[in-house]
Amino acid sequence: MALLVLAEHDNATLKPATQNSVAAARKIGEKADTSEIHVLVIGHQAVPVAEAAARIEGVAKVILADEVELGPQTAEILTAQVLLQLQAEHYSHLLAPATTYGKNVLPRIAAKLDVQQISGIIDVLSPSTFVRPIYAGNALATVESIAGAIIVLTVLSTGFDASPLRETSAPIESAKELAKDSAGVRLVGRQLASSDKIELTAARVVVSGGRGLQKAENFQLLEALAAKLNAAVGASRAAVDAGFVPNDYQVGQTGKIVAPELYIAVGISGAIQHLAGMRDSKVIVAINKDPDAPIFQVADYGLVGDALEILPQLTAQL
Amino acid sequence: MKLLVPIKRVVDFTVKVRVKPDGSGVDLENVKMSMNPFDEIAVEEAIRLKERGLANEIIVVSLGPAACQETLRTALAMGADRAVLVETDAELEPLAVAKLLKQIVAKEEPQLVILGKQAIDDDSNQTGQMLAALLDWPQGTFASKLEIAEGKATVTREIDGGLETLELPLPAVITTDLRLNEPRYTSLPNIIKAKKRPLDTLKISDLQTDIAPRSKTQKVGAPQPRKAGIRVNSVEELVTKLREEAKVI
Ligand SMILES: Cc1cc2nc3c(=O)[nH]c(=O)nc-3n(C[C@H](O)[C@H](O)[C@H](O)COP(=O)(O)OP(=O)(O)OC[C@H]3O[C@@H](n4cnc5c(N)ncnc54)[C@H](O)[C@@H]3O)c2cc1C
Ligand SMILES: Nc1ncnc2c1ncn2[C@@H]1O[C@H](COP(=O)(O)O)[C@@H](O)[C@H]1O
């Protein structure tokens, strides 16, 4: 039996989180008697995605299900296609990134298989035992899958270093059967930020702003710092709710979980829910005018002061 | 149209839980409990649909210990019409919750089930998607906007990269994200009125479904604590530390 990883992509490019899910599959494979990894790419005109997936180290085969109806990648049609693949071949594990993509579809598949999914794993202890954060990362649960024909997992990218891309490619096969039933769901449209933005979960440096930045325009100070550091820009929930930045900037328990080499939190108080999204960063810097802000309790370097004055100085000195 | 809103009683979001030294779980003695914040958003959305004349009855349901009555009363005070408690002291996995909810859906026949996207205790983010699968209904997860018209739900979803809008035929399952609405506060007169609203209690055995666990929590541990950091006094000092000590820039 092999392991199946569902690729995340937008029909044009493969999302890097897929490489972290492959890394998790490899770690499971090392502990199991099977280590063959297949990647399933479901979409429309997604050949470049399949080609990229075929180059991920550790991947033995890519299955491409390519058809106009699959283009919108709704949970309903993805579920139908994954179930076809699980019928076509036998798999011990099904994995996908714990991003909004994987979180949306994988539980739907798990329920169809009568399996309890294990969400957001950060470590593999045995082929059926995994570690995952609960309570906003204030506790780590060791969970064993004890029943079910297959183990279904979503993978937090912070737990597994991306499996690299190699020169050679694994073979790409076409799916034998294609799903048709989208349960009547219609994609009306997507409003996406420009794709040249550095991906938060893959960035080496993240600079995040909170309510302390006071207004949307002040995020430009943060953007300038980010440009100097080649960093991704994140935010607290309060900054998103205030409309300073779009929703997908949110770092935290219910947003994105990041663990970069360097995380700079500016004007962020450090609520439990925010810490959940960044506390595993290697080095944390906090800039806040309140010396008692809880963010300082997790910061390696704390600087007390007005962010609006500090940010331009910091950018200038880099 | 009937609306069903499943609500979970969880540790209040302001509480920083502690792991029990024996590794059996987190310490919930004397800890403040509240309605899961995403479920408050779900209740609020249901009430707004009713206020707009798009729904006529809101049923809230909770699965858990007797104390969940309090959570259900809060939802009634917000404006739900009727409550159902499926009383159990057993730990329920999201799959089991979804299966039990499916039975309730079969009884109540709502056109829309609105759940939170995630319970802030187990952080699973599964139940709504699982319920949709078991019912074979379409799903609109992580909703930041919801419109109902002509037998269809139009849902704007928060996704990585931005927003996505889907049109779903009803009946459907929706899960809420933070930006969907701001839940109202309950007023004293409404809390008093809510005491008269019906709250029925069921046992798990009334719902006849297989909820045998499919996973087992072996141990709950504390994460690595971070070592204490230092304060720097100037931007110059910060830059020097990051360059020479941390070597991250
Ligand atoms: C269900 C739920 C889920 C949540 N999920 C998340 C999540 O995923 N991510 C998240 O971040 N939050 C989340 N939250 C919200 C969280 O509880 C906090 O409310 C939020 O993180 C606060 O954001 P903030 O630190 O920007 O704002 P505040 O707490 O208002 O802090 C602003 C900080 O800025 C400082 N400040 C003000 N002016 C300046 C200045 N000029 N210079 C420097 N510093 C200044 C202040 O001293 C203060 O510390 C969630 C909450 C709930 C209930
Ligand atoms: N025990 C429960 N009782 C009622 N609703 C629940 C229960 N568990 C989960 N839910 C619902 O499912 C949502 C998602 O929970 P979860 O999948 O556990 O993250 C919650 O926001 C609730 O709406």
Side-chain angles (χ1 to χ4, degrees), chain A residues 74-76 99-101 103-104 107-108 110-112 115-120 133-148 183-193 229 237 241 246-248 253-254 261-262 272 279 283 298-303 310 313-314 317-318, chain B residues 11 13 16-17 19 26 93-95 98 118 120-126 129-130 132-134 136 138-139 141-142 144 154 158-169 178-179 212-223 226 229-232 235-236 238-239 241-242 246 248-249:
Chain A
T74 61
E76 292 76 9
T99 54
T100 54
Y101 182 88
K103 288 173 181 173
N104 182 42
R108 190 172 177 105
K112 290 279 188 201
V115 164
Q116 178 54 52
Q117 166 181 307
I118 302 179
S119 296
I134 53 174
Y135 288 95
N138 287 311
L140 298 177
T142 302
V143 185
E144 186 187 1
S145 177
I146 53 170
V185 177
R186 192 172 73 82
L187 173 65
V188 179
R190 292 201 180 103
Q191 284 169 265
L192 300 178
L229 290 168
R237 172 193 175 180
D241 285 3
N247 57 277
D248 70 318
Q253 179 187 15
T254 62
E261 293 281 304
L262 173 62
I272 298 166
R279 55 168 292 154
V283 174
V298 300
D300 299 284
Y301 302 106
L303 180 56
I310 292 172
Q313 290 175 27
L314 183 55
Q317 289 187 32
L318 292 169
Chain B
V11 169
F13 79 98
K16 184 167 185 276
V17 297
V19 171
V26 299
E93 296 172 340
L95 180 65
Q118 171 176 347
I120 60 163
D121 50 2
D122 63 35
D123 284 333
S124 289
N125 195 330
Q126 297 182 10
Q129 297 87 314
M130 288 187 147
L134 298 176
D136 254 318
Q139 68 184 55
T141 55
F142 326 147
S144 64
T154 305
E158 294 201 355
I159 59 168
D160 294 342
L163 297 170
E164 171 182 279
T165 306
L166 298 177
E167 198 180 84
L168 319 173
L178 294 169
R179 260 69 61 179
R214 280 149 176 76
S215 69
K216 184 170 176 265
T217 300
Q218 293 181 340
K219 164 177 122 195
V220 175
R226 282 192 80 91
I230 58 160
R231 291 286 162 100
V232 292
V235 171
E236 291 75 25
L238 177 62
V239 171
K241 291 280 186 199
L242 291 177
V248 284
I249 56 170

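Chain A is the first sequence line, chain B the second, and so forth, proteins listed ahead of strands; every chain is numbered from 1.
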Partner chain B: residue of Asp248(A), Val298(A), Thr99(A) with the largest heavy-atom pair count (under 4.5 Å): Asp248(A)

Segment of Glu76(A) engaging chain B (4.5 angstrom heavy-atom cut-off): side chain

Option in Asn138(A), Asp241(A), Asn104(A), Val283(A) with maximal non-hydrogen atom pairs under 4.5 Å from chain B: Asn104(A)

Test side chain to side chain contact (heavy atoms under 4.5 Å, CB included) applied to Thr100(A) - qualifying residues, sequence neighbours left out: Phe142(B), Ile159(B), Asp160(B)

Spatial distance of atom OG1 (Thr154(B)) from atom CZ (Arg186(A)) [nearest 0.5 Å]: 8.0 Å

Value rounded to 0.5 Å, distance of CZ in Arg226(B) from CG in Asp300(A): 4.5 Å

Top contributor to chain B interface from Leu229(A), Thr74(A), Ile146(A) [non-hydrogen pairs under 4.5 Å]: Ile146(A)

Contact leader toward chain B among Pro246(A), Gly189(A), Ala147(A), where contacts are heavy-atom pairs under 4.5 Å: Gly189(A)

Partner set under side-chain hydrogen bond (donor to acceptor under 3.5 Å, both in side chains) for Gln313(A), not counting sequence neighbours: none

Check: Lys103(A) main-chain N/O paired with Gln129(B) side-chain donor or acceptor under 3.5 Å: yes

Between Gly161(B), Pro94(B), Pro169(B), Gly229(B), the one whose heavy-atom pairs under 4.5 Å with chain A are most numerous: Gly161(B)

Contact leader toward chain A among Ala212(B), Ser124(B), Ala222(B), where contacts are heavy-atom pairs under 4.5 Å: Ser124(B)

Side-chain (Gln126(B)) to main-chain (Gln117(A)) donor-acceptor, under 3.5 angstrom: yes

Leu134(B) to Ala111(A) - nearest heavy-atom pair and separation: CD2-O, 3.8 Å

Portion of Val232(B) that has a non-hydrogen atom of chain A nearer than 4.5 angstrom: both

Part of Leu314(A) lying under 4.5 Å from any heavy atom of chain B: both

Contact winner vs chain A - Glu93(B), Gln139(B), Glu236(B), heavy-atom pairs under 4.5 Å: Gln139(B)

Residue, of Leu238(B), Val26(B), Asp122(B), Asp121(B), that accumulates the most heavy atom pairs under 4.5 Å with chain A: Asp121(B)

Chain B contact via Ala299(A) - which portion, at a heavy-atom distance below 4.5 Å: backbone

4.5 Å side-chain heavy-atom contact, Leu187(A) and Leu166(B): yes

Largest heavy-atom contact set with chain A, pairs under 4.5 Å, which of Thr217(B), Ile120(B), Val11(B): Ile120(B)

Min side-chain heavy-atom separation Val235(B)-Leu303(A) under 4.5 Å: yes

Rounded distance [0.5 Å steps], CD1 in Ile249(B) versus CG in Leu318(A): 5.0 Å

Heavy-atom side-chain proximity of Arg179(B) to Arg237(A) below 4.5 angstrom: yes

Per-residue contact mode, Ala132(B) against chain A (heavy atom under 4.5 angstrom): both

Passing candidate, side chain to side chain donor-acceptor pair (under 3.5 Å) with Glu144(A), options Lys219(B), Lys216(B), Gln218(B): Gln218(B)

Under 4.5 Å from any heavy atom of chain A - which part of Val239(B): side chain

Side chain / backbone / both / neither for Ile230(B) at chain A, heavy atoms under 4.5 Å: both

Which of Pro223(B), Pro138(B), Ser144(B) touches chain A most, by non-hydrogen pairs under 4.5 Å: Pro223(B)

Side-chain heavy-atom pair Lys112(A), Asp136(B) within 4.5 angstrom cut-off: yes

Pairwise side-chain contact, Ser145(A) with Arg214(B), heavy-atom cut-off 4.5 Å (strictly under): no

Any donor-acceptor N or O pair under 3.5 Å, side chains Gln118(B), Gln253(A): no

Most chain B-contacting option - heavy-atom pairs closer than 4.5 Å, from Arg108(A), Gln317(A), Arg279(A), Arg190(A): Arg108(A)

Under 4.5 Å from any heavy atom of chain B - which part of Ile272(A): side chain

Donor-acceptor under 3.5 Å (Gln116(A) side chain, Leu95(B) main chain): yes

Contact origin within Val19(B) toward chain A - heavy atom pairs under 4.5 Å: side chain

Choice from Ile134(A), Leu192(A), Leu140(A), Val143(A) maximising heavy atom contacts with chain B below 4.5 Å: Leu140(A)

